[in-house]
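The structure appears below as structure tokens.
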Amino acid sequence: MKILVIGGGGREHALAWKLAQSPATSRLYAAPGNPGIATLAECVPANVTDPDRLLAIAESAGIDLTVVGPEAPLAAGVVDMFRSRGLPIVGPLQSAARLESSKGFAKEVMTQAGVPTARSVTVESAAQAHTAIRRFELPVVLKADGLAAGKGVVIANTREEAERTAAAMLAGKLVGDAGHRLIVEEFLKGEEVSFIAITDGRTVVPLEATQDHKAIFDGDRGPNTGGMGAYCDGRILSPSATDDVLSTVILPVVEYMRGIGQPFTGFLYAGLMLTGDGPKVLEFNVRLGDPETQALMLRLNSDLAGLLTECARGALSETRPRWSTDPSMCVVMAAAGYPGQVRTGDSITGIAEAERDGALVFHAGTARVNGEVRTAGGRVLGVTASGADLPAAIARTYDAVSRIRFEGAQYRTDIGVKGLKRW
Ligand code: AMP
Ligand code: GLY
């Protein structure tokens, strides 16, 4: 089977790494891929928001199965395009991808489906924002309706800050068009969990829970990023907590979407806050998480190509995947300046040394220049390893991280530490 992975980040490198191990995989392709993926797959240049180009790649290579990594191609309708040509693909149709591309739509679905989430009001003018901001206690959360690459959420500590931010977002000054509609919502306290399930629109199979670390600095300080590291550990959610999230969050959404004639297929990712009143949804993503996937793939013992094929065929089996009991984790090494303007073009050394003792280094923002791997984006590498217990996974991953060097590298030194209390 020829498999195409759409995307070119660390998540896609981890998917390609896992797919390459499947007996069903005869050949792997990636569009556009990256220098790490290029060691496993044929990388074809592509703009991932151009569904015509992606379809042309799949048709000319005779691809049997496609899996989409990032949200942008899903929001651009790549699944609609592939399905209209009868090509098996894992991901939601454009209409269902609105669960991520429109936070207002996601809120509406949660309200209709009775899914626990923060109380909120959707506003479209500064006057409406002014009234809404007064309805909540401080801090108050402001969210741009549209896709904003992780930069669309502001937690305001004063009403003045909230009003200023709301006005700037609505005027298109903070996140462009994504901010023309805003969600004003209640601040939730608790621990965050990434809960991802795969579904063919009817059957739902949960993956193991993971925890991401969104803030740039240790101790969850500093601005939010796409994710600075994640760990995957069977102790994050007990089996009964997992069933609770399935029955209160994932299944109601999947059933609701089917009921409105827009069945959701692919990966449904609920960003949860575990509050004193139970799990509540912060957001939905319609894809796998990055860097959650890097940690997940390391623990997955089942055949990924088989799981994806069942999903694309609409014949997902109820059987839950098998997971290694060893916790895993991924530390993101980012370029200087991230999550703002980043510095690129620096040479990276030590990747082979980092991988010597069993760690894996997934590429994200890298480029090969004159035979040398250089930095080429915000999140540069995802150093990933597992261990017999969480402390061992942490030690092993950071040992690998310490062997990698590039100018201005920044990474968090506390990935996985929140999980230690469960050991
Ligand atoms: P989102 O893109 O909606 O996941 O928001 C990004 C981050 O902002 C989340 O990972 C949380 O850390 C934080 N956040 C979002 N909504 C809330 C909320 N209602 N209460 C507290 N923190 C939130
Ligand atoms: N790591 C968070 C995300 O993929 O959205």
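For this chain, numbers begin at 1 and follow the sequence in order. Atoms within a ligand are numbered from 1 in the order they appear, just like the ligands themselves. Hydrogens, waters and symmetry mates play no part in the numbers below; they use all other heavy atoms, side chains included.
Look at P291 and you'll find a heavy atom under 4.0 Å from some atom of ligand 2. In this structure, K189 falls outside the shell of residues with a heavy atom less than 4.0 angstrom from ligand 1.
Remark: ligand 2 and E283 share no N or O pair separated by less than 3.5 Å (distance only, no angle test). Checked against a 3.5 angstrom limit, the closest N/O atoms of M273 and ligand 1 fall outside it. In terms of polar-atom proximity, K214 is not counted as a contact of ligand 2, lacking any N or O under 3.5 Å from an N or O of the ligand.
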- Task: Show the numbers, then the answer: is there a side chain to side chain contact (heavy atoms under 4.5 Å, CB included) between Q294 and W17?
- Result: CA-CA 10 Å; Q294 289 86 316; W17 171 79; over 6 Å; no
- Item | V121 and R135: CA distance, side-chain angles, deciding distance, side chain to side chain contact (heavy atoms under 4.5 Å, CB included) verdict | CA-CA 9 Å; V121 181; R135 288 181 47 189; 3.7 Å; yes
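When non-hydrogen atoms are compared, ligand 1 lies under 4.0 Å from the backbone of L282 as well as from its side chain. At a heavy-atom distance under 4.0 Å, no atom of R11 approaches ligand 2.
Between R134 and E163, at least one side-chain nitrogen of the basic residue sits less than 4.0 Å from a carboxylate oxygen of the acidic one, meeting the salt-bridge criterion. Salt bridge status for D218 with R221: absent, with no side-chain N to carboxylate O gap under 4.0 Å. Between R422 and D389 there is no salt bridge, since no side-chain N of the basic residue sits under 4.0 Å from a carboxylate O of the acidic one. Ion pairing between E191 and K421 holds under the 4.0 Å rule for side-chain N and carboxylate O. Taking the charged nitrogens against the carboxylate oxygens, R287 and E100 do have a contact shorter than 4.0 Å, which makes a salt bridge. The existence of a salt bridge linking D243 and R320 is confirmed by a sub-4.0 Å separation between a basic side-chain nitrogen and an acidic carboxylate oxygen. Ion pairing between a basic and an acidic side chain is recognised when a charged N comes within 4.0 Å of a carboxylate O; R119 and E185 show no such pairing. Using a cutoff of 4.0 Å between basic side-chain nitrogens and carboxylate oxygens, K214 and D220 are not scored as salt-bridged. Note on D414 versus R412: salt bridge recorded, some NZ/NE/NH1/NH2 to OD/OE distance being below 4.0 Å.
Ligand 1 places these atoms under 4.0 Å from at least one heavy atom of K214: 4 (O), 10 (O). Which parts of ligand 2 touch D212 is read off a 4.0 Å heavy-atom cut-off, strictly below it: atoms 1 (N), 2 (C). Counting atoms of ligand 2 from 1 in the listed order, those under 4.0 Å from a heavy atom of G289 are 4 (O). Listed by number with element, the atoms of ligand 2 under 4.0 Å from a non-hydrogen atom of N285 are 5 (O). Taking every non-hydrogen atom of V153 and a distance limit under 4.0 Å, the qualifying atoms of ligand 1 come out as 1 (P), 2 (O), 3 (O), 5 (O), 6 (C), 8 (O), 15 (C). Atoms of ligand 1 found under 4.0 Å from any heavy atom of L188 (numbered from 1 in listed order, with element): 18 (C), 19 (N), 20 (N), 21 (C). Shown in contact with K103 at under 4.0 Å from a heavy atom are these atoms of ligand 1, numbered in order with element: 1 (P), 2 (O), 3 (O). Residue N224 approaches ligand 1 through these ligand atoms, each under 4.0 Å from one of its heavy atoms: 6 (C), 7 (C), 8 (O). Shown in contact with Y269 at under 4.0 Å from a heavy atom are these atoms of ligand 2, numbered in order with element: 2 (C), 3 (C). Those atoms of ligand 2 that come under 4.0 Å of a heavy atom in E292, given as number and element, are 1 (N), 2 (C), 4 (O). Taking every non-hydrogen atom of E192 and a distance limit under 4.0 Å, the qualifying atoms of ligand 1 come out as 9 (C), 10 (O), 11 (C), 12 (O). When each atom of ligand 2 is checked for a heavy atom of G226 under 4.0 Å away, the hits are 1 (N), 2 (C).
With respect to atom 5 (O) of ligand 2, the closest heavy atom belonging to the protein is R287 NH2, 2.8 Å.
In this structure the side chain of L300 reaches within 4.5 angstrom of the side chain of M297, judged on heavy atoms.
Nearest heavy atom pair, residue L246 against residue P206, reads CD1-CG, 3.8 Å.
In this comparison of I155, V140, L142, the heavy atom closest to atom 22 (N) of ligand 1 sits on I155.
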